[in-house]
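Quantities reported herein were computed from a predicted structural model and do not represent experimental measurements.
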Amino acid sequence: MNTWLSMLAAAAPVASGWTAHTLWLRRRLSVARRDPLTGLPTRETFTRRAAALLRDPRAVVVLADVDRFKQINDTFGHAAGDALLMATANRLALHVGRSGVAGRLGGDEFAAVLIDDHGTAADMLAVLHGVLARPVDGQDPAVHTTVSLGWVRAADFPGDDLSALLRRADEAMYAAKQARCGTRRAGLGWLFATVTGRRAGRTGARSDAPVVGVAA
């Protein structure tokens, strides 16, 4: 009996050390999967979670781009710009909820996949557009701007993967930004043509990509 107690006592520090090391590794992995500024999932983590959500026919893909972000940075400074990005990220994540996922793709561009339980995505995103335009808490009230949103129902394009749906949402977002209408849904008519998977003017697109018109 004493021998077993002695062995357990000797093993206790090792087990405790390994548990602490495991917790440390988990924390490090969690940090690595998060954008350091906004706390949203990084592109890789977002992509994995989003791809899983697309198995649900109620899934909606959203692409969001902060309007006049450079102007905010130039006028109020980078700290104000960072505060705007953090507020945008927090509001987007809260609106998407636990059943969906939001991520920062880079710069002032965000993406999300949400589950539209009641077929009211258009109304939900109209509300979100208003929420994202509110001034940033703790900042000059002038530190605010709108966010252009493009979205697409995965069920409308059953053959598309996440990348293709993001391209469609990207086109719709750009059309919304050009029309200054806040939000726009993809798949309701012609938008801006894409070349090699990106609309004209985006990375990976030819400079001579044609614009074929915009849906109302």
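- Contact of the Ser99 side chain with the Leu114 side chain is not registered, since no non-hydrogen atoms from C-beta on lie closer than 4.5 Å.
- Taking a cutoff of 4.0 Å between a charged side-chain nitrogen and a carboxylate oxygen, Asp116 and Arg153 qualify as a salt bridge.
- The shortest side-chain heavy-atom distance between His95 and Met124 falls under the 4.5 Å cut-off.
- In terms of heavy atoms, Val136 sits closest to Ala83 at CG1-O, 3.9 Å.
- With side-chain heavy atoms closer than 4.5 Å counting as contact, directly or through intermediates, the hydrophobic cluster containing Val127 also holds Val131.
- When side chains are defined from C-beta on, Thr145 does not count as touching Phe69, because their heavy atoms never get closer than 4.5 Å.
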Would you please test Leu105 and Leu63 for side-chain contact (heavy atoms from CB on, under 4.5 Å) and show each step?
CA-CA 9 Å; Leu105 299 186; Leu63 197 135; 4.1 Å; yes
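- Using a 4.5 Å heavy-atom threshold, the side chains of Val66 and Thr88 count as touching.
- For the atom pair CG (Leu165) and CG (Asp160), the distance works out to 5.0 Å, reported to the nearest 0.5 Å.
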Give the C-alpha distance, both sets of side-chain angles, the deciding distance and a yes or no for side-chain contact (heavy atoms from CB on, under 4.5 Å) between Val152 and Arg185.
CA-CA 6 Å; Val152 59; Arg185 177 180 176 182; 5.9 Å; no
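- Under the 6.0 Å distance and 45° angle rule, Arg104 does not count as a cation-pi partner of Phe46.
- Following chains of ILVMFWY side-chain contacts shorter than 4.5 Å, one cannot reach Phe110 starting from Leu94, and the two form parts of different hydrophobic clusters.
- Under the salt bridge (Lys or Arg N to Asp or Glu O under 4.0 Å) criterion, no residue pair touches residues 122-143, with sequence neighbours excluded.
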Val147/Asp65 under side-chain contact (heavy atoms from CB on, under 4.5 Å): CA gap, chis, key distance, verdict:
CA-CA 6 Å; Val147 176; Asp65 190 86; 5.7 Å; no
Arg34/Leu40 under side-chain contact (heavy atoms from CB on, under 4.5 Å): CA gap, chis, key distance, verdict
CA-CA 5 Å; Arg34 298 280 171 177; Leu40 290 181; 5.5 Å; no
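- With contacts defined as side-chain heavy-atom distances shorter than 4.5 Å, the pair Leu132/Thr146 does not qualify.
- In terms of heavy-atom proximity, Arg168 sits nearest to Ala186 at O-CB, 3.5 Å.
- Among all heavy-atom pairs drawn from Pro135 and Pro141, the shortest one is CB-O, 3.7 Å.
- A donor and an acceptor atom, one from each side chain of Arg49 and Thr45, are nowhere located under 3.5 Å apart.
- Under the 3.5 Å distance criterion, the side-chain polar atoms of Asp170 are left unmatched by any main-chain donor or acceptor of Leu166.
- Annotation for Ala179 and Arg184: closest pair CB-NH2, 4.1 Å, computed over non-hydrogen atoms.
- Between the side chains of Ser148 and Asp67, a donor-acceptor pair is found at a separation under 3.5 Å.
- Looking at every heavy atom in both residues, Leu92 comes nearest to Ala112 through CD1-CB, 4.3 Å.
- Of the inter-residue distances, the one linking Leu54 atom CG with Asp161 atom CG reads 8.5 Å to the nearest 0.5 angstrom.
- How far CZ of Phe157 is from CZ of Arg167: 12.0 Å, rounded to the nearest 0.5 Å.
- If you take CD1 on Ile72 and CD on Gln139, they are separated by 10.0 Å, rounding to the nearest 0.5 Å.
- Scanning all heavy atoms of the two residues, the minimum distance from Ala80 to Val143 falls at O-CG1, 3.9 Å.
- You'll find the side chain of Leu53 reaches within 4.5 Å of the side chain of Ile115, heavy atoms only.
- Here the side chains of Val60 and Val113 are not in contact, with every heavy-atom distance at 4.5 Å or above.
- Side-chain contact between Leu149 and Met173 is absent, with no heavy atoms from C-beta onward closer than 4.5 Å.
- Rounded to the nearest 0.5 angstrom, Leu84 CG and Arg68 CZ are separated by 9.5 Å.
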